[in-house]
Enquirer: 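Supplied in structure tokens, the structure appears directly below.
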Amino acid sequence: MKKIAPLLLFFMFFHFVSAQVYTVLDAVQKTPISYATISFGNGNGLFADADGVFEFSKKRYPDIDSLYISALGHRELGLSVTKLPKNIFLTQDIAELQEVIVKSENLGKYKTKKQSAILHDDYFKCWLPTVESEIAVFFPRDPLKSTKVASVYIPVMMESSKNPSGNKQSFSTLFKMQFYQNNDGVPGKRLANEDIIFRITNKNKSNYELNILDYKVFIPKEGFFISVQVLGYTDKEGKLQHTKKYHEVETRKGIVKIPTTFRPLLPFTNKIKNNITFSRRIFFRNRTWQRFDKEYSENNTLIQSGHMNYGMGLKMHVYDK
């Protein structure tokens, strides 16, 4: 035991010096910025947790020399990894903050209208979520009727991979939902609604209903895009865990990087006529949206089989005037 104790102390010290902890804060209010995006500028990155905290070590990411930290309502900040302060302050973007609209409730009568989600349980017709991708789906609106979103139906495939014991693998995955303007059929500027953070576990139903009534999300006349993005796995209490974008597998040809995929899978469908689904890689600085069609990739198996849309659904309150 006398030999083990110093060894444990060494490993604890090694972890402390190799994995430094940083906190993202608002420069004015000095409060944590939850789930800020930390991009490495090369397609890799990670997220801060609910307390604005993230870990970064030069040993884990030896090729990274800069971090780019961004969050809604704040200006992106670039920092050298050799001069990272423990507290990282983001300056508020006044232009974005001025666009926040206080939405008053329409107290007139409304009718509930539903657009069902499209589900299936075919593993090979599912999107494999990773932390690098954000998926956006377009929803139109009757331009003459005020429409508020009550719930978003998020289709997921709950069947998990099985471990050697034959039991289904449990999971707990944190997602972020955002909203974007319709810019001639393409996701445009981010709408000034707050981030909606939600968690899906293996205990949820495959037609997951996310109630967003309290967020007062109204669909613009020209329609809008709703996006979902994986933040990562959580612990039992729902706290975000650090997960690398890739894990390394040793093969005969050397070390191969395999993208880390998350449960649940997202079933794509061939039952929607138009291509209304877009994707982008959020750890690249340009973060360009691409329509999920044959121009996106001719070799993608989902596209080859015609499964080019994610079948999200909505429950809406359509007001009569």
Side-chain angles (χ1 to χ4, degrees), residues 43-45 115-140 152-162 168-169 171 173-180 182-183 185-187 198 200 202 204-210 223-233 243 245-247 249 256-284 286-314:
N44 293 298
Q115 178 178 327
S116 299
I118 303 175
L119 298 88
H120 63 71
D121 58 1
D122 186 342
Y123 174 92
F124 297 101
K125 301 299 187 295
C126 289
W127 179 283
L128 307 180
T130 66
V131 295
E132 66 175 332
S133 296
E134 181 179 5
I135 299 173
V137 178
F138 176 70
F139 289 93
V152 181
Y153 297 114
I154 302 170
V156 294
M157 199 182 91
M158 306 307 295
E159 179 68 21
S160 304
S161 58
K162 295 184 178 181
K168 292 181 179 180
Q169 182 183 20
F171 61 83
T173 305
L174 204 66
F175 288 84
K176 177 163 68 174
M177 177 172 289
Q178 301 169 95
F179 307 91
Y180 297 90
N182 174 22
N183 184 11
V186 178
F198 62 100
I200 299 180
N202 56 297
N204 292 120
K205 296 180 179 179
S206 57
N207 187 15
Y208 180 85
E209 181 177 358
L210 178 64
F224 72 164
F225 287 83
I226 301 178
S227 81
V228 290
Q229 173 189 333
V230 171
L231 296 178
Y233 282 132
T243 305
K245 175 183 167 183
Y246 294 99
H247 61 274
V249 177
V256 177
K257 289 185 176 181
I258 306 296
T260 302
T261 58
F262 292 82
R263 303 287 175 172
L265 306 182
L266 306 183
F268 270 45
T269 179
N270 60 356
K271 298 185 183 299
I272 298 176
K273 293 182 179 180
N274 300 319
N275 296 114
I276 60 172
T277 300
F278 288 75
S279 175
R280 69 174 179 175
R281 301 178 67 182
I282 52 89
F283 287 140
F284 278 103
N286 57 10
R287 299 173 187 172
T288 303
W289 288 103
Q290 290 181 282
R291 191 185 300 273
F292 195 68
D293 58 14
K294 292 182 179 179
E295 292 186 8
Y296 177 91
S297 172
E298 293 184 352
N299 299 322
N300 185 284
T301 56
L302 288 175
I303 294 173
Q304 287 177 344
S305 64
H307 290 71
M308 293 185 280
N309 284 298
Y310 181 45
M312 262 196 287
L314 292 183

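Numbers here are sequence positions counted from 1. Side-chain atoms are counted along with the backbone in the values below, which use heavy atoms only and exclude waters and symmetry mates.
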Enquirer: Who pairs with S206 by side chain to side chain donor-acceptor pair (under 3.5 Å), at least two apart in sequence or on another chain?
Expert: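 Result, side chain to side chain donor-acceptor pair (under 3.5 Å) vs S206: none returned.
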Enquirer: Between V228 and F198, is any pair of side-chain heavy atoms under 4.5 Å apart?
Expert: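 Of all side-chain heavy-atom pairs linking F198 with V228, at least one is under 4.5 Å.
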Enquirer: Between N274 and I276, is there a donor-acceptor pair closer than 3.5 Å when you use the side chain of the first and the backbone of the second?
Expert: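 No, the answer is negative, given that no donor and acceptor are paired below the 3.5 Å cut-off.
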Enquirer: Which heavy atom of F283 sits nearest a heavy atom of E132, and at what distance?
Expert: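 Closest approach of F283 to E132, heavy atoms only: CD1-CA, 4.1 Å.
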Enquirer: My understanding is that only residues two or more places apart in sequence, or in another chain, count here; which of them pass salt bridge (Lys or Arg N to Asp or Glu O under 4.0 Å) with D122?
Expert: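 Per chain and number, D122 pairs via salt bridge (Lys or Arg N to Asp or Glu O under 4.0 Å) with K125.
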Enquirer: Do V156 and N204 make a side-chain contact, defined as non-hydrogen atoms from C-beta onward lying under 4.5 Å apart?
Expert: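 Answer no - side chains too far apart.
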Enquirer: Give, for atom CD of Q304 and atom CD of E298, the distance between the pair rounded to the nearest 0.5 Å.
Expert: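 The distance works out to 9.0 Å.
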Enquirer: Quick one, Y233 with F171, criterion ring-ring contact (aromatic ring centres under 6.0 Å, His included). Give me CA distance, side-chain angles, the key distance, then yes/no.
Expert: CA-CA 7 Å; Y233 282 132; F171 61 83; 7.4 Å; no
Enquirer: So which heavy atom on I272 is nearest to which on G311, and how close?
Expert: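 Heavy atoms of I272 and G311 come nearest at CD1-CA, 4.3 Å.
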Enquirer: Enter the distance from I282:CD1 to K176:NZ here, rounded to the nearest 0.5 Å.
Expert: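 The distance works out to 7.5 Å.
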Enquirer: Indicate yes or no: at least one non-hydrogen side-chain atom of W127 is less than 4.5 angstrom from one of S133.
Expert: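 Result yes, sub-4.5 Å side-chain heavy-atom pair found.
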Enquirer: Measure the spacing between NE2 of H120 and CE of M157 and express it to the nearest 0.5 Å.
Expert: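 Between H120 NE2 and M157 CE, I get 8.5 Å after rounding to 0.5 Å.
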Enquirer: Checking ring-ring contact (aromatic ring centres under 6.0 Å, His included) against W289, which of F284, F138, Y296, Y180 comes through?
Expert: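 Only one of F284, F138, Y296, Y180 forms a ring-ring contact (aromatic ring centres under 6.0 Å, His included) with W289, namely Y180.
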Enquirer: Roughly how far, to the nearest 0.5 Å, is CD1 of I226 from CD1 of I154?
Expert: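 Those atoms lie 9.0 Å apart.
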Enquirer: How close do S297 and I303 get, heavy atom to heavy atom, and via which atoms?
Expert: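 Taking every non-hydrogen atom into account, O-CD1, 3.4 Å.
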Enquirer: Return the minimal non-hydrogen interatomic distance between T288 and R280, and the atom names on each side.
Expert: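 Minimum heavy-atom contact is O-CB, 3.2 Å.
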Enquirer: One pair to check against ring-ring contact (aromatic ring centres under 6.0 Å, His included): F268 and F292. What are the steps and the verdict?
Expert: CA-CA 11 Å; F268 270 45; F292 195 68; 5.3 Å; yes
Enquirer: Go through the structure and list residues passing salt bridge (Lys or Arg N to Asp or Glu O under 4.0 Å) with R287, not counting sequence neighbours.
Expert: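 For R287 the salt bridge (Lys or Arg N to Asp or Glu O under 4.0 Å) partners, ignoring immediate neighbours, are E76.
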Enquirer: Is any side-chain heavy atom of V186 closer than 4.5 Å to a side-chain heavy atom of F225?
Expert: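 Side chain of V186 against side chain of F225, heavy atoms only: no contact under 4.5 Å found.
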Enquirer: With side chain to side chain donor-acceptor pair (under 3.5 Å) as the test, pick out the partner of N309 among T277, T269, N270.
Expert: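 Between N309 and the candidates, side chain to side chain donor-acceptor pair (under 3.5 Å) is satisfied uniquely by T277.
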Enquirer: Minimum heavy-atom separation for F278 and G185, please, with both atom names.
Expert: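 Heavy atoms of F278 and G185 come nearest at CZ-O, 3.2 Å.
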Enquirer: Determine whether S279 and Y310 make a side-chain contact, defined as any pair of heavy atoms from C-beta on separated by less than 4.5 Å.
Expert: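 The answer is no, as the side chains (C-beta and beyond) never meet within the 4.5 Å cut-off.
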Enquirer: Do M312 and V152 come close enough that some side-chain heavy atom pair is under 4.5 Å?
Expert: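 Sidechains of V152 and M312: in contact.
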Enquirer: Given side chains that start at C-beta, do those of P267 and H307 come closer than 4.5 Å, heavy atoms only?
Expert: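 No, every pair of side-chain atoms sits at 4.5 Å or beyond.
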Enquirer: Nearest 0.5 Å, please: how far is CG in N202 from OG1 in T173?
Expert: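 Answer rounded to 0.5 Å: 9.0 Å.
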Enquirer: Return the minimal non-hydrogen interatomic distance between V230 and P129, and the atom names on each side.
Expert: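 Closest pair (atom of V230, atom of P129, distance): CG2-CB, 3.5 Å.
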Enquirer: Is the shortest heavy-atom distance from the side chain of P155 to the side chain of L266 under 4.5 Å?
Expert: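 SC-SC contact between P155 and L266 ruled out.
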